[in-house]
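Computed from a prediction, not measured in an experiment: that's the story for all the values here. Residue numbers run from 1 in the order of the sequence given.
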Amino acid sequence: MAYLDFTQMYPSITAVLLIGTGLYSVFVERRGYHSQNLVKEARVAKYIGIIWMTAGFSLFICGFVWRNFIW
């Protein structure tokens, strides 16, 4: 019998959403800013996307460590 604990899925779902929004910021928003010649905004969108993706990967790794080694 499979046991699904939805509270353990929340960090993984959040990590996927963080990575997805980071990719959106890096690729879609930055391209839109470049097409409008908004260089500073494009640079900020890139940095925000990188921060979101880093937070997502970190949360995914922390959740994995928590589920497998600590809990």
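Under the 4.5 Å side-chain heavy-atom criterion for grouping Ile, Leu, Val, Met, Phe, Trp and Tyr, Leu23 is not connected to Phe60 through any hydrophobic cluster. Under a hydrophobic-cluster definition in which Ile, Leu, Val, Met, Phe, Trp and Tyr are linked whenever side-chain heavy atoms come within less than 4.5 Å, directly or via other members, Trp66 and Phe69 are assigned to the same cluster. In the hydrophobic clustering of this structure, Val16 does not group with Met9; members are Ile, Leu, Val, Met, Phe, Trp, Tyr whose side-chain heavy atoms approach within less than 4.5 Å, directly or through other members.
Interatomic distance, Glu29 CD to His34 NE2, rounded to the nearest 0.5 Å: 12.5 Å. Taken from CD in Glu41 to CD in Gln36, the straight-line distance is 9.0 Å, to the nearest 0.5 Å.
Other residues sharing a hydrophobic cluster with Tyr24 under the 4.5 Å side-chain heavy-atom criterion for ILVMFWY residues are Val28. In the hydrophobic clustering, Ile48 connects to Leu18, Val44, Trp52, Leu59, either directly or through intervening members, whenever side-chain heavy atoms lie under 4.5 Å apart.
Distance alone, capped at 3.5 Å, places no donor-acceptor pair between the Ser25 side chain and the Thr21 backbone.
The minimum heavy-atom distance between Ala15 and Gly56, with the atom names listed, is CB-O, 3.3 Å.
The shortest side-chain heavy-atom distance between Arg67 and Cys62 does not fall under the 4.5 Å cut-off.
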